[in-house]
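Counting from 1, the numbers follow the sequence of the chain as shown. Order of appearance sets the numbers: ligands from 1, and atoms from 1 within every ligand.
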Amino acid sequence: MAKVEKNFSTMERSSTLFNILEVDGIPLPVLSKEMWNKISNFQARPDDLFLVTYPKSGTTWMQEILDMIKNDGDVEKCKRVNTLERYPFLEVKFPHKEKPDLEIALEMSSPRLIKTHLPSHLIPPSIWKENCKIIYVARNAKDCLVSFYHFHRMASLLPDPQNFEEFYEKFMSGKVLFGSWFDHVKGWWAAKDTHQILYLFYEDIKKDPKREIEKILKFLEKDISEEILNKIIYHTSFDVMKQNPMTNYTTLPTSIMDHSISPFMRKGMPGDWKNYFTVAQNEEFDKDYQKKMTGSTLTFRTEI
Ligand SMILES: Nc1ncnc2c1ncn2[C@@H]1O[C@H](COP(=O)(O)OS(=O)(=O)O)[C@@H](OP(=O)(O)O)[C@H]1O
């Protein structure tokens, strides 16, 4: 694995800590072709729950909500280890872990919660075959782009984004890890018509966490008291998660994530894109968006 010589103040980064493999033209942080074969042949179990997102769409937030639900609102249990250690990330081998997360998943007892950023057409077929429940969280493209840009700045796992303009171009053409945001959200939106998928939106959870968590509870066929529900809402709010070392990624070595460049828990608010997009970029974005989303019934809010 490439060693990283980096100087973040000048944004020079010789390489990324992730190996990047193109599958179907989609850049994925997958170790090797052999590893990709193992991922494709991953054997799902019927009681697995998959959390699927395009990067920066609220994955960590949803992981915490799901862990709190699983542990009946027991905050201390949820603080047992940090987010990355709690649930495997199907396609990734982290440099600070001995094994790929897939192997950790294979050794886990059921019921498992597994995270993935894979687009719907690259998901291991056994997940469909076993009719696993899937929670998909989508976030509006503009905020996703801004969040992803800052994540590239602070995480040496990822390539250097250079500057916002360059990253904007790459994002719009789908030349970023996990490919096109447009294809991702549309692919999973279509998949929900034929599979057990609860499709949620980051902006909705922000606006009305109670209503959205109730949807999750119904989907998981789980009952909890009003008191526990309120505890979950509080514990998973941005401000509380930002202060919690088990959810804010600050326990990772700075060689992997450097929060002094940009914290992982950054803004947590729809509409931050307005601080980054120029008027011209916004106009170009809206035009391109119309074209790429034509025919889809998906709608997003870019502010709340
Ligand atoms: N509780 C809560 N409330 C609101 N927003 C939250 C919360 N937790 C994380 N976040 C924000 O989600 C963004 C990170 O997304 P992901 O967790 O999907 O990132 S990753 O793909 O797993 O790296 C990142 O968004 P930005 O702040 O816009 O960069 C996080 O701040």
Handout entry: Pair E214 + K210, salt bridge at N-O below 4.0 Å
Key = yes

Problem - Proximity winner for atom 12 (O) of ligand 1, if only heavy atoms of W61, W273, Y202 are counted - result: Y202

Fill in the blank from the handout: Within the 4.0 Å heavy-atom cut-off, what F264 brings close to ligand 1 is both

Handout entry: Under-4.0 Å salt bridge between D208 and K215
Key = no

Problem - Proximity winner for atom 25 (O) of ligand 1, if only heavy atoms of R139, M269, K242, M241 are counted - result: R139

Practice task
Please verify whether a non-hydrogen atom of K115 lies at under 4.0 Å from ligand 1.
Solution key: yes

Problem - Subset of ligand 1 atoms that lie under 4.0 Å from at least one heavy atom of P55 - result: 21 (O)

Handout entry: Which residue and heavy atom of the protein sit nearest atom 23 (O) of ligand 1, plus the separation
Key = K56 NZ, 3.0 Å

Fill in the blank from the handout: ligand 1 atoms nearer than 4.0 angstrom to some heavy atom of G58 are 15 (O), 16 (P), 18 (O)

Handout entry: Side-chain (K292) to main-chain (M172) donor-acceptor, under 3.5 angstrom
Key = yes

Handout entry: NZ/NE/NH1/NH2 to OD/OE distance under 4.0 Å, D223 and K218
Key = no

Practice task
In plain terms, say whether E107 and R112 are close enough for a salt bridge, that is, a side-chain N and a carboxylate O under 4.0 Å apart.
Solution key: no

Problem - Region of M257 that comes within reach of ligand 1 [heavy atoms, distance under 4.0 Å] - result: neither

Handout entry: Heavy-atom gap F148 to ligand 1 smaller than 4.0 Å
Key = no

Practice task
Sequence neighbours left out, what pairs pass salt bridge (Lys or Arg N to Asp or Glu O under 4.0 Å) with at least one residue falling in residues 123-135?
Solution key: K133-E221

Practice task
Check whether NZ of the Lys or CZ of the Arg K115 lies under 6.0 Å from the centre of the six-membered ring of Y87 and within 45 degrees of that ring's axis.
Solution key: no

Practice task
Please write down residue, atom name and distance for the protein heavy atom closest to atom 17 (O) of ligand 1.
Solution key: T60 OG1, 2.5 Å

Handout entry: Identity of the nearest option to atom 8 (N) of ligand 1, non-hydrogen atoms only, from M265, K267, H235, M154
Key = M265

Fill in the blank from the handout: Any heavy atom of T236 under 4.0 Å from ligand 1? The part involved is backbone

Problem - Atoms in ligand 1 with a heavy atom of F151 nearer than 4.0 Å - result: 23 (O)

Problem - Check: F50 ring centre within less than 6.0 Å of H195 ring centre - result: no

Handout entry: Under 3.5 Å: N/O of K206 near N/O of ligand 1
Key = no

Exercise for the section: Look at atom 24 (C) of ligand 1 and find which of P209, S237, S147 reaches it with the closest heavy atom. Expected result: S147

Handout entry: Side chains of H235 and E64, donor plus acceptor under 3.5 Å
Key = yes

Practice task
May I ask you to check whether D67 and N71 show a side-chain donor-acceptor distance below 3.5 Å?
Solution key: yes

Exercise for the section: Heavy-atom distances under 4.0 Å are what count here, so tell me which part of S57 touches ligand 1: side chain, backbone, both or neither. Expected result: backbone

Completion exercise
Of all protein heavy atoms, the one nearest atom 18 (O) of ligand 1 is T59 OG1, 2.4 Å

Practice task
With heavy atoms of H117 as the reference, note each atom of ligand 1 found under 4.0 Å away.
Solution key: 21 (O)

Handout entry: Heavy-atom donor-acceptor pair, D143 side chain to D272 backbone, under 3.5 Å
Key = yes

